[in-house]
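Nothing fancy with the numbering, it's 1 onward along the sequence. Computed from a predicted structure; not experimentally measured. Ligands are counted one by one from 1 in listed order, and the atoms in each one are counted from 1 as well.
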Amino acid sequence: MVTKLFFTSHLIPLSISSANRFFRNPSLSKPRLFPLFCTISSTLDLPPEREPPYGPSLYKGRKACHQQPAGKQQRQHGTSQSPGENFQEDDAGSGEEESIVDRESFSRVFDIAALRVPAEECFSLENRLRGHLLNWPRVRNIARVPGDEMEDEFKKILQEKTEDVEESFAALTRRIYGKAEGDGEPLSPVLYRDRLSRTFNSSGFIKFRNLAKISRPRKKKKMVREEGEGLERDKRIRKNDFVVVEVVEDRDEGEDMSGLLGDDFKRGSWRGSTRLLLLDERYANKDVEELPVAVKLPENQNDNADMVDQWKEHIFSFLRLSIFSFSMGEDVLKVDSRQSASACELVQCKMTLFYNYWQTNEILEALLPKGMIVPTAFETVGHIAHLNLRDDHLPYKKLIAQVVLDKNKPKIQTVVNKVDAIHNDYRTMQLEVLAGNHSLVTTVIENGIRFHVDLATVYWNSRLATERQRLISFFTAKDVVCDVFSGVGPIAISAAKKVKRVYANDLNPSAVEYLERNSVLNKLERKIEVFNMDGRRFITSIFTSNKVESITQVVMNLPNDAAEYLDAFRGIFRRRSKDKESALPMIHVYGFSKAQDPEFDFDERIKAALLEEAVEAEMHRVRLVAPGKWMLCASFILPERVAFAKEC
Ligand SMILES: C[S@@+](CC[C@H](N)C(=O)[O-])C[C@H]1O[C@@H](n2cnc3c(N)ncnc32)[C@H](O)[C@@H]1O
C-alpha cells in the first residue's frame, strides 16, 4: 500500500562556512594556494530580506547526504552509497581528471508531489494539468522511476479475467520458473537462455557456440542502492543524469517484494506501466484537499461550482491508494475490485538535482566571494576555451576554469587564460592552461573550411570570422589575391576556394607550416603559393616578379603595423612602362585607432606611409577591440602615382 508521507518545511537556506568545502582535494584548498578562500564566510546564505527564489536554486532544497569516499570498497561489498558520490565516481571511472570542485556539495534535494498515472494516459493528463505541473528549466515534468514499466507478458496475464486467477498465476509461475516443459507456452528469452545454460556444462558451449555470447548479460548500468532517512531505494544513475526523481514510500507498510521479480520490482508495477507527473513546487507536501480544483476535478467540470460532491467522489477515485494486493500465502494474485484503468495516485517524491544541473554562473556565484563579478564569457578556438580573467579572478583561476570545463564538455577540453598582452612579432598569445588537457593544437571550422591551429605558436582569432567573410565576398573568380600577413590562412585559404590564385606569406615559420597543412587539408594546395618572409620584402619581390601583372587584391591584416608597410608599394611599377596595360591592385589594409575620429586618423596614417594625398580609401569599422579602440579596414586602389613613383 502506498501512503503519503509528510515532511516538515525544507526550504532552509544552506549556510556554508567556507568555500574550501567545495574543494575535493584538501591539499588544493590550503590557504597557500587560494589565500582568499579563508576569508569567505558564507556563499549560500540569502540576504535576510530576500525570499528564496521560485524555481530551482542552490539557496533552496536540502543538501544530499553523502557517505564519503571509501566508495569503491563500499560498492564492492554492496553497501549503500549516495547519488552524488556515485555520479562522481562514474566520472572518475570514465578517465576524467579528479575535479578540484566538490561536485557533491552542489547536490540539492527537493520535496515534490507527483501524480502517479497510467503510462498511456500521461500525455493527455499532462495537457490537462498544464499550469499545475513543475515548470523548472531542463527538468521534464513527466518522470520515470525504476519499476514503472510492466512487461507486456505480465500485462496480458493481469488483463485476463479474475475468475481465471489460478490459471493466470500458474502461467505466470511457468514463465518465472521455467516450468513450462511441453505445455506449449514459450519461455521468455531470459528464461530460455537460463534453461540452456543449466542444460549444458561448460564444454556444451562448443556445441552451442553462440550460447556464451547470448548468455553474457548486457553490461548493466551501475545500480546504486541507497539507504537513508529510513527509506530504501534502487535507481540507475547515468553519467549525464542531472536529475533523479525517487518516490518516497513507507518501507514498513506491506510486504517487501523486492527481489521477487528482479531488483526493479516495486508494488506499483502490478497496476501496469506508470509515469509520474511532477506537480508544481507549490504543491509539495500538500494534502489532497489542498490541491487545486483543476487537479482534482474531472474534465469539463472545472467551472461548475455546484459539483463539489462529485469532486469529492472524484478525488477518492483519482487518488486511490490501494489497487492490488498480493497474497504470498495463497499463491494467488488478487486484483482489487476497485481497480480502474485510469486510477491515479498522489505520491511524494524526492527530486535530486546534481552538480551537472546547475549553470556556470550559479556554481561560480556560490564559489566566489560575495560581490565578485562572475566570469562566464569566454572565446572558443576548437576545443579550447579562452578566458580573459581580471586580476581579482586570478586567485580563483583554476576553480573558474574547472567549472567552465565541466559545464562545456565535451566540446571544450582545455581551458586557458591569457597571461600577458600580445607583444611579440608573430602575434601569438602567452597562454596558461588552467584545466583539461594541455594540448593547444586544435581544429577550427570556419565558414565550412577546416583549419589546424597550434595556439601556442600561431595567431588565431575566431572573432574575425565575419570580417573575413565580408572581405572575401568582394572577391571574384577572376581575382588573384596576395595575403601579406596570412597566418595559418583563414583569409588565404577561404579566398582560394573562390579566386583564381593566392600568394600567401607570413614571417612565422610555424604559421607557414600550418598554412601549408591547411591548404592540403582543404585540397587547395594547387591554388596557393606559400612564402615565409618579412611582409615588406614579400611585397617588393612579388611585385617585381612576373606574377605582378595578375595580382588584383592585396590583403594586409596586421592591424598594429600594416599601415606602416604601405611604403613598400612606392615605385613597385617603376620599371614598367605606363603605357602597358596593368591593373592597379586593390589594397585592404587593417589598423587600430583610438582617435575621436578613427577613420580620419587611419586615413592620415595611410597617406603618410604612401607619401600620397590622393588616396580614396573606403573605411569599414571592423570591431571595437577595447573601450575607445577601433579596428578598421581601409580599402583603396593603389594610386598610380605611388605605384610608378621613381623614388622609394
Ligand atoms: C594579426 S595576424 C593575422 C593573420 C591572419 N591574416 C588571420 O586573420 O588570422 C598577423 C600575422 O602577421 C604575421 N607577421 C607579423 N609580422 C610580420 C612581418 N613583418 N612580415 C610578415 N608577417 C608578419 C604574424 O606572424 C601573424 O601571423
May I ask you to check if ligand 1 and [X] share an N or O to N or O distance below 3.5 Å?
| X | answer |
| --- | --- |
| Tyr565 | yes |
| Phe485 | yes |
| Leu464 | no |
| Asp483 | no |
| Asn505 | no |
| Asp534 | yes |
| Gly535 | yes |

Considering only non-hydrogen protein atoms, determine which one is nearest to [atom] and report residue, atom name and distance to 0.1 Å.
| atom | value |
| --- | --- |
| atom 9 (O) of ligand 1 | Pro490 CG, 3.3 Å |
| atom 2 (S) of ligand 1 | Tyr459 CD2, 3.4 Å |
| atom 5 (C) of ligand 1 | Ser486 O, 3.4 Å |
| atom 25 (O) of ligand 1 | Asp506 OD1, 2.7 Å |
| atom 3 (C) of ligand 1 | Asn557 O, 3.2 Å |

**Asked** Any idea which atoms of ligand 1 are less than 4.0 Å away from a heavy-atom of Leu558?
**Response**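 Counting atoms of ligand 1 from 1, those under 4.0 Å from Leu558 are 10 (C), 12 (O), 15 (C), 16 (N).
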**Request:** Find all atoms of ligand 1 within a distance of less than 4.0 Å from any non-hydrogen atom belonging to Met533, and give their numbers and elements.
**Result:**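 Listed by number with element, the hits are 20 (N), 21 (C).
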Verify the ring-centre separation between [Y] and [X]: is it less than 6.0 angstrom?
| X | Y | answer |
| --- | --- | --- |
| Phe485 | Tyr565 | yes |
| Phe242 | Phe354 | no |
| Tyr503 | Phe538 | no |
| Trp460 | Phe451 | yes |
| Trp136 | Tyr357 | no |

Heavy-atom distances under 4.0 Å are what count here, so tell me which part of [X] touches ligand 1: side chain, backbone, both or neither.
| X | answer |
| --- | --- |
| Ala511 | neither |
| Arg536 | neither |
| Asp425 | backbone |

**Prompt:** Should the ring pair Phe569 and Phe543 be called parallel, tilted or perpendicular, given that the plane angle runs from 0 to 90° and is split at 30 and 60?
**Reply:**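 Phe569 and Phe543: perpendicular rings.
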**Flag for Thr414-Asn437: side-chain donor and acceptor within less than 3.5 Å** =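 Asn437 vs Thr414: donor-acceptor pair found between side chains.
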**Item:** Pair Asn560-Phe592, side chain to side chain contact (heavy atoms under 4.5 Å, CB included): steps then yes or no
**Value:** CA-CA 6 Å; Asn560 248 355; Phe592 295 126; 3.4 Å; yes
**Request:** May I ask you to decide whether Lys594 forms a salt bridge with Asp601, counting only side-chain N to carboxylate O separations under 4.0 Å?
**Result:**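 Judged by the 4.0 Å cut-off on N to carboxylate O distance, Lys594 and Asp601 do not form a salt bridge.
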**Asked** How about Glu618: does its CD atom have over 12 heavy atoms from other parts shown lying under 6.0 Å from it?
**Response**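 Open.
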